[in-house]
Amino acid sequence: MKILFYTGKGGVGKSTMAASAAWQLSQKSRVLIVSLDPAHNLGDIFCVRLNGREKRMNDRLLLREVDLHKLSRDYLEREIGVLTRTYSYLQALNLDRYFSVLKYSPGIEEYALLTSIEETIRREKDFDFIIFDTPPTGLTLRFLALPQITITWIDRLAQIRRQILDKRHTIQKIRGPASEEEKKQEVKLAFDEKDDAVLKRLMSLKQNYESLTGILQGPDCGVVLVFNPDMLSLRESERLVEGLRDINLPLRLLIQNKVTEENRSIAGQVVAELRKMVGDIPLLQVALSAQLACGLDSKLYDIPEDLMAPLDWRR
């Protein structure tokens, strides 16, 4: 299974390119396209109503929109449930008051999106291609970087947790064996790593994020950068390329969209500047859609350019 993330500055046409690639691939392969962008355009491009759900276009193409608000709420409820069960011995501290403000914490949306991506990749084994239409550059880089950032935090938290367990063990030895009456009243706390629910949870999360990082950095995954022939699009694209390098994710294809005879000169300048950063990454120029130029909304996904030929990822 191949996985592609279409990203770029808002308004460059990445949703259209992602939809067009999905349509072309679906002529011979089984394709799932997932819109992660809060400003969903996938249904509009295919002239169907999705409203945060999924719809099958044909036997080989499935469209899906992710409801970010519902996704964030479900993620938060699930994680609060895990925390409540793990720290049940601390209920006297009224943890509910702290949990109630977690929904305002920075990063909830990014973690919710990342969870959705991980679950999609893990569950959807019947497709040859999964295409993700992502939010604009900033949010995309944040959630793609999360697995590696989280692994670093987990390692540090596990170290702290082991220190806590070690201190518990020391205290238990100093205190000596408890009486039968004390045993009935005391809360049972783990002293051994293999019995500690918190450490088990941390190691489970680490394993999941290491597996996801391996997939994202692997040969069957890649990022497609969509940009327009203008300087603002160039600057945003440069930031994205730098960000992908920092998190070691593979850039597979550049698509310069909305190219016309009138803007061909600036288009060449933009490509030349990007080439200084990306080297010989495949590049495809896509002409401005006649349907878009005329304001028509039928078959926006059906463009003449072959969007997958430069990748050589056909089945």
Side-chain angles (χ1 to χ4, degrees), residues 1-8 13-38 40-43 45-46 48 50 52-68 70-71 74-75 110-136 139-147 208-226 240 244 247-253 255 282 301 306-315:
M1 182 173 67
K2 310 293 186 182
I3 303 163
L4 285 171
F5 293 88
Y6 278 71
T7 190
K14 58 181 168 32
S15 296
T16 302
M17 293 301 103
S20 300
W23 175 254
Q24 291 178 11
L25 286 168
S26 71
Q27 305 310 301
K28 295 183 179 179
S29 303
R30 298 161 299 173
V31 183
L32 168 64
I33 179 169
V34 183
S35 174
L36 303 174
D37 193 341
H40 294 301
N41 293 316
L42 191 59
I45 293 169
F46 282 99
V48 297
L50 293 177
R53 295 187 294 274
E54 63 181 35
K55 183 177 180 63
R56 186 165 290 281
M57 282 294 292
N58 55 47
D59 291 342
R60 291 188 294 268
L61 178 58
L62 181 65
L63 316 179
R64 180 180 297 166
E65 279 185 355
V66 169
D67 184 334
L68 184 55
K70 182 178 184 300
L71 197 67
D74 292 347
Y75 169 82
E110 288 88 343
Y111 270 109
L113 279 175
L114 185 65
T115 300
S116 177
I117 291 169
E118 188 272 333
E119 290 178 349
T120 299
I121 294 172
R122 176 166 42 85
R123 293 176 180 176
E124 304 294 356
K125 300 297 186 182
D126 294 331
F127 294 94
D128 302 310
F129 291 86
I130 297 179
I131 292 178
F132 291 102
D133 174 30
T134 71
L139 181 55
T140 298
L141 282 175
R142 287 199 298 274
F143 73 69
L144 287 178
L146 273 181
N208 288 343
Y209 285 122
E210 285 179 337
S211 175
L212 181 58
T213 298
I215 292 172
L216 294 178
Q217 295 179 345
D220 291 331
C221 185
V223 177
V224 177
L225 170 57
V226 183
L240 179 67
L244 291 176
I247 57 179
N248 197 29
L249 293 191
L251 178 61
R252 304 289 186 189
L253 176 63
I255 298 179
Y301 54 86
D306 188 340
L307 297 178
M308 295 303 294
L311 277 174
D312 193 26
W313 263 8
R314 295 184 184 281
R315 289 217 170 196

Is there a donor-acceptor pair under 3.5 Å between the side chain of [X] and the backbone N or O of [Y]?
X	Y	result
R56	D59	yes
R30	D126	yes
R60	Q27	yes
S35	E65	no
Q217	I247	yes
K2	D128	no

To the closest 0.5 Å, what do you measure between [atom1] ([X]) and [atom2] ([Y])?
X	Y	atom1	atom2	answer
L244	L141	CG	CG	6.0 Å
L63	E54	CG	CD	9.0 Å
I130	L4	CD1	CG	10.5 Å
S20	M308	OG	CE	12.0 Å
L32	M1	CG	CE	9.0 Å

On a heavy-atom basis, which atom in [X] and which in [Y] lie closest, and how many Å separate them?
X	Y	result
S26	N58	OG-ND2, 4.1 Å
P147	L212	CG-CD2, 4.0 Å
T134	K14	O-NZ, 3.0 Å
P250	L216	CD-O, 3.3 Å
T140	P135	OG1-O, 2.5 Å
T120	S116	OG1-O, 2.7 Å

Can you find a heavy atom in the side chain of [X] that is under 4.5 Å from one in the side chain of [Y]?
X	Y	answer
T16	Y301	no
V34	V66	yes
D133	I131	no
I255	L225	no
L114	Y209	yes
M57	L62	no
L307	V224	no
I3	D220	no

**OP:** Would you sort out whether I117 and L36 count as a side chain to side chain contact (heavy atoms under 4.5 Å, CB included), showing the intermediate values?
**Re:** CA-CA 9 Å; I117 291 169; L36 303 174; 3.8 Å; yes

**OP:** Check step by step if side chain to side chain contact (heavy atoms under 4.5 Å, CB included) holds for T7 and V226.
**Re:** CA-CA 6 Å; T7 190; V226 183; over 6 Å; no

Subject >> Aromatic plane relationship, W23 with F46 - under 30° parallel, 30 to 60° tilted, over 60° perpendicular >> reply: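 If you compare the ring of F46 with that of W23, the planes turn out tilted.
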
Original post:
Between E124 and R64, is there a salt bridge with N-O shorter than 4.0 Å?
Top reply: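 A salt bridge links R64 with E124.
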
Original post:
Do Y6 and F132 have ring centres separated by under 6.0 Å?
Top reply: no

